[in-house]
4 protein chains.
Amino acid sequence: MRAPFDGAVAGVTASAPHAMIRTPRANAAAKAKPAGRTRRQEKAEQVRLALFDAAARVVGKHGYAGASVARITTLAGVAQGTFYNYFASRQDLLDQLLPAMGEEMLAHIAAEVRGERDEVAREERRFRAFFGFLQKRPAFLRILNEAEVYAPRGFRAHFANIAAEYRRALERAHERGALPGFADDEIEPLVFLLMAARSYTSLRYAQGPAGRVKAPPESLIRAYVKLLRHGLAGGTAGP
Amino acid sequence: MRAPFDGAVAGVTASAPHAMIRTPRANAAAKAKPAGRTRRQEKAEQVRLALFDAAARVVGKHGYAGASVARITTLAGVAQGTFYNYFASRQDLLDQLLPAMGEEMLAHIAAEVRGERDEVAREERRFRAFFGFLQKRPAFLRILNEAEVYAPRGFRAHFANIAAEYRRALERAHERGALPGFADDEIEPLVFLLMAARSYTSLRYAQGPAGRVKAPPESLIRAYVKLLRHGLAGGTAGP
Amino acid sequence: MRAPFDGAVAGVTASAPHAMIRTPRANAAAKAKPAGRTRRQEKAEQVRLALFDAAARVVGKHGYAGASVARITTLAGVAQGTFYNYFASRQDLLDQLLPAMGEEMLAHIAAEVRGERDEVAREERRFRAFFGFLQKRPAFLRILNEAEVYAPRGFRAHFANIAAEYRRALERAHERGALPGFADDEIEPLVFLLMAARSYTSLRYAQGPAGRVKAPPESLIRAYVKLLRHGLAGGTAGP
Amino acid sequence: MRAPFDGAVAGVTASAPHAMIRTPRANAAAKAKPAGRTRRQEKAEQVRLALFDAAARVVGKHGYAGASVARITTLAGVAQGTFYNYFASRQDLLDQLLPAMGEEMLAHIAAEVRGERDEVAREERRFRAFFGFLQKRPAFLRILNEAEVYAPRGFRAHFANIAAEYRRALERAHERGALPGFADDEIEPLVFLLMAARSYTSLRYAQGPAGRVKAPPESLIRAYVKLLRHGLAGGTAGP
DNA sequence: AATGAATGAGAGTTCATTCAT
DNA sequence: AATGAATGAACTCTCATTCAT
């Protein structure tokens with residue numbers, strides 16, 4: 001709700017699909033008093049969050065290549081050494097960035113799609129929600145973009161998350177008979193084709209100057225919907 | 001046929017759509033004796049080519065991040081300092097890599113599409129030809145992938161090249177009435193959606209272990225063609 | 001018999017020849033109630049012992065260089081900060097390690113020598129007992145080895161201990177007329193020459209792979225005894 | 001002859017038992033003009049020597065642990081990066097230090113021993129020459145001492161060198177009948193016992209304050225000679 | 001007395017670029 | 001035009017020690 005990541009990190013912790021997330025706190029947790037978190041734990045969590053948040057901002061602004069530990073810790077307001085109390089390495093944090101924000105994105109999109117029955121309309125909502133999320137979290141665009149190269153482990157985790165979610169959605173649609181012409185082994189390719197549309201066009205249309213993020217033009221959404229509804233024929237007969 | 005890039009580089013030099021490509025050679029060319037190239041010029045061109053070729057191989061194998069000037073010059077068999085007689089900076093060469101290979105790719109695809117009239121069938125041919133090219137030039141997949149992050153200028157130049165070519169094709173199709181449902185301002189989005197499909201799926205399907213490049217599965221191509229032909233409905237009525 | 005050092009440390013405390021050994025406990029000891037140790041004191045002594053024992057194990061396995069406070073406290077099962085309640089610094093503990101084990105070694109050797117009257121035979125027993133001790137306490141070999149460089153104060157203390165003991169033995173032998181050719185001022189050099197033999201050959205012959213400790217070959221002991229009995233002539237006339 | 005290492009390094013290069021010695025120059029050497037060294041090569045050799053010399057001084061003064069690349073390069077008057085043009089790593093240089101000086105030591109000792117026939121007298125000369133060398137190269141004492149722990153590869157190389165040399169000498173003596181009481185398999189132990197005497201006593205007697213090196217007392221040498229000549233009996237009958 | 005997170009100086013190493021030869 | 005050694009800033013990471021809780 002407020003600073004980036006408050007929600008995102010909580011989301012990750014909740015669903016916890018990231019074996020790589022591990023902080024010093026983890027050990028101490030075992031000895032924790034049953035009655036709620038201690039002050040120390042709270043403070044530690046704050047620092048962790050501050051580092052996470054700082055990393056997201058720094059990557060958003062300078063890219064992964066420019067995300068030095070020095071920059072991140074300075075922005076977070078802690079000493080460089082402190083970083084290594086929370087993350088095993090620079091790469092460790094970098095690899096957690098995308099999956100964490102990805103969870104948040106998924107939640108954001110899911111909320112927008114709820115209620116719509118028609119599959120193309122659902123996809124249109126997802127598409128719009130994706131772009132909406134980019135505006136809510138401008139850093140995400142760059143993080144998403146560069147992660148494949150700079151944080152491949154994190155990228156793969158995120159990719160698997162998103163693809164699994166998408167696949168579930170398309171498989172349900174398939175069962176409902178909403179994708180009549182497609183065979184079972186064509187669902188996965190379809191997943192990637194839809195992810196491609198979203199991801200690739202965001203690079204062209206959302207990326208503004210100086211890290212700014214723009215809303216996508218309606219013509220893009222119209223073209224996408226037509227393609228999904230009728231293919232390249234685009235709906236000859238008109239709506 | 002033989003070493004990568006002999007053709008590619010020639011192609012670039014020929015069509016020269018890259019404002020950023022400018023080397024010390026350019027100056028020398030101005031002074032060239034009218035009667036053909038001197039020995040010196042030929043030798044220089046050879047060195048330039050060797051550096052280019054070495055860079056492509058190195059990036060293909062080690063990625064842009066691992067493409068140090070030392071590695072490139074060692075592979076090319078020249079001293080490190082020599083590099084800067086031909087390229088303004090490491091980045092300069094890196095930015096020329098993708099546009100050069102992109103020209104070659106364009107030529108390869110154009111040759112495969114020739115003769116086909118149906119627009120969906122043409123796109124299928126392009127799609128197949130793209131994957132075919134990846135197998136011919138395995139290094140291209142990695143270069144294409146990483147360029148956006150490591151050689152953004154080069155990536156943009158390449159992207160503009162490809163998009164322009166695509167746009168021309170789709171606009172001709174549009175004029176022929178092959179994209180009946182689409183408005184003028186939806187052609188460009190369509191271009192990006194088709195590029196997205198090609199580019200994004202290549203990452204998922206073509207990337208084999210250890211830099212190997214695989215052929216795409218037929219299910220992917222079937223799904224793509226169905227999507228183009230009928231949208232998500234996928235051709236309920238059958239072909 | 002059980003955890004290393006129970007005895008060793010007790011020994012140190014008993015004979016206390018180490019001016020440098022002084023821990024927070026020492027203060028507490030002053031305030032001790034006359035009637036035996038309190039629970040608190042016992043607990044504290046346990047922690048001290050645990051740290052000591054952990055340090056010996058860590059140095060035995062990872063060497064002094066790898067004996068970080070973090071590793072030692074983790075193995076001892078206490079927090080890092082606790083360390084500084086018992087030792088003034090990392091170096092302080094490290095410097096106590098060798099003298100403590102050295103006392104144990106001395107006791108071990110003394111027990112083996114008892115009863116033998118011939119001086120060369122006594123030295124042979126010491127020599128064998130030294131190697132025997134190494135096998136009983138494998139960590140000692142590494143500690144002894146590295147202490148000179150990493151814990152020079154501790155090394156000097158240990159060295160002085162051993163040399164003093166040795167000197168006492170040789171002086172008694174001298175008085176008995178067992179070292180007929182040597183002048184008074186040659187006793188000390190002799191001490192160092194005997195210590196040299198023991199210490200140096202242990203590095204060559206006892207050190208096995210992966211911290212394992214081997215028994216010395218009999219040929220070494222034969223050569224040593226011959227040297228002591230007859231010099232380089234080695235006993236031409238037979239024994 | 002002048003600055004430390006001029007000779008030492010040459011010595012190493014000559015007998016070259018150190019597979020680990022490798023500098024960038026090695027490549028270039030292949031292309032070298034036949035007619036003598038170029039200026040560049042000479043300069044490079046100078047820098048290499050300067051680094052070597054600086055390293056020896058630094059280790060002599062601050063120990064291996066204090067021999068940071070920064071200190072070494074500062075003393076040598078070159079930039080830190082330059083270091084890595086000559087040595088693969090800090091450890092690489094550190095491992096070369098002892099073998100290089102060891103060769104010089106060997107030469108020094110050999111020169112002193114020449115001419116003497118009696119084996120004990122030869123060993124006395126070696127012993128004296130060893131201490132003499134320590135005074136000529138004060139840094140050597142510390143380097144020798146710490147190498148086992150900080151530069152184990154270098155130490156092993158040096159140790160093997162010295163032991164081989166010694167062994168050759170003792171085997172020749174053995175063949176001459178100079179070590180009448182010793183069996184073949186006792187020669188090696190003898191080698192180590194003599195090396196022990198030299199090495200260990202140097203720590204006790206040569207080490208002065210502040211890296212100063214003292215001459216050994218005559219009593220040490222007398223004791224040593226007596227031990228070698230008659231064993232612990234020390235020559236009852238007198239000379 | 002025990003905790004353990006925070007600190008920050010300092011380590012080794014890399015590499016694009018320069019420039020005297 | 002070619003060389004390749006020199007440069008030095010920048011990087012990630014370690015760890016003994018401190019100190020508020």
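A, B, ... follow the sequence lines: proteins, then strands. Residue 1 opens every chain.
For the strand DNA chain E, secondary-structure stems (runs of at least three Watson-Crick or G-U pairs, all distances below 3.5 Å) span E:2-21 with F:2-21.
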Residues 61-68 of chain A side chain polar contacts: donor-acceptor under 3.5 Å, at least two apart:
residue, atom, partner, partner atom, Å
S68(A), OG, R71(A), N, 3.2

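In this structure, R153(A) CZ and L94(A) CG are separated by 13.0 Å, a value rounded to the nearest 0.5 Å. From Q46(D), atom CD reaches atom CG of L49(D) across 8.5 Å, with rounding to the nearest 0.5 Å.
Following rounding to the nearest Å, Y64(C) (OH) and dA16(F) (C1') show an atom-to-atom distance of 17 Å. Between the CG atom of L93(B) and the C1' atom of dT17(E) there is a distance of 15 Å, given to the nearest Å. Going from atom CZ of F87(C) over to atom C1' of dT17(F) covers 16 Å, rounded to whole Å. Going from atom CD of Q46(C) over to atom P of dA1(E) covers 16 Å, rounded to whole Å. Distance Q91(D) CD to dT13(E) P: 9 Å, rounded to the nearest Å. Distance CG (L51(B)) to P (dA1(F)): 14 Å, rounded to an integer number of Å. To the nearest angstrom, C1' of dA6(F) lies 18 Å from CD of E42(D). The CD1-P distance, from I72(B) to dT3(F), rounds to 16 Å in whole Å.
Taking R90(C) as the reference, nothing meets the salt bridge (Lys or Arg N to Asp or Glu O under 4.0 Å) condition, with sequence neighbours excluded. Residues passing the side-chain contact (heavy atoms from CB on, under 4.5 Å) test with A54(B), sequence neighbours excluded: I72(B), L75(B), A76(B). Annotation: side-chain contact (heavy atoms from CB on, under 4.5 Å) contacts of V149(C) (sequence neighbours excluded): E146(D), V149(D), Y150(D).
Nucleotides of DNA chain E nearest to G77(A) and F83(B) differ in position, and the one nearer the 5' end is that of G77(A). Taking the nucleotide of DNA chain F with the nearest heavy atom to each of G66(C) and G66(A), the more 5' of the two is matched to G66(A). Residues V47(A) and S89(D) both approach DNA chain E. Their nearest nucleotides, taken by heavy-atom distance, put V47(A) toward the 5′ side.
Annotation for P99(B) and A157(B): closest pair CG-CB, 4.1 Å, computed over non-hydrogen atoms. Counting all heavy atoms, side chain and backbone alike, A100(A) lies closest to F52(A) at CB-CE2, 3.7 Å.
Remark: of the listed residues V78(B), T73(B), V47(B), D92(B), T73(B) is the sole one forming a side-chain contact (heavy atoms from CB on, under 4.5 Å) with F83(B).
At least one side-chain heavy atom of Y84(B) sits under 4.5 Å from a side-chain heavy atom of V69(B).
For the pair N85(B) and dA2(F), the criterion of a side-chain N or O lying under 4.0 Å from OP1 or OP2 is met. Residue Y84(B) places none of its side-chain N or O atoms closer than 4.0 Å to OP1 or OP2 of dA2(F).
Here the side chain of Y86(D) is nearest to one of dA2(F), dT17(F), dA5(F), namely dA5(F). Of the candidate nucleotides dA2(F), dA2(E), dT3(F), dA2(F) has the atom nearest to the side chain of K43(B).
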Protein-nucleotides 8-11 of chain E N/O pairs under 3.5 Å:
residue, atom, partner, partner atom, Å
dG8(E), N7, G81(A), N, 3.3

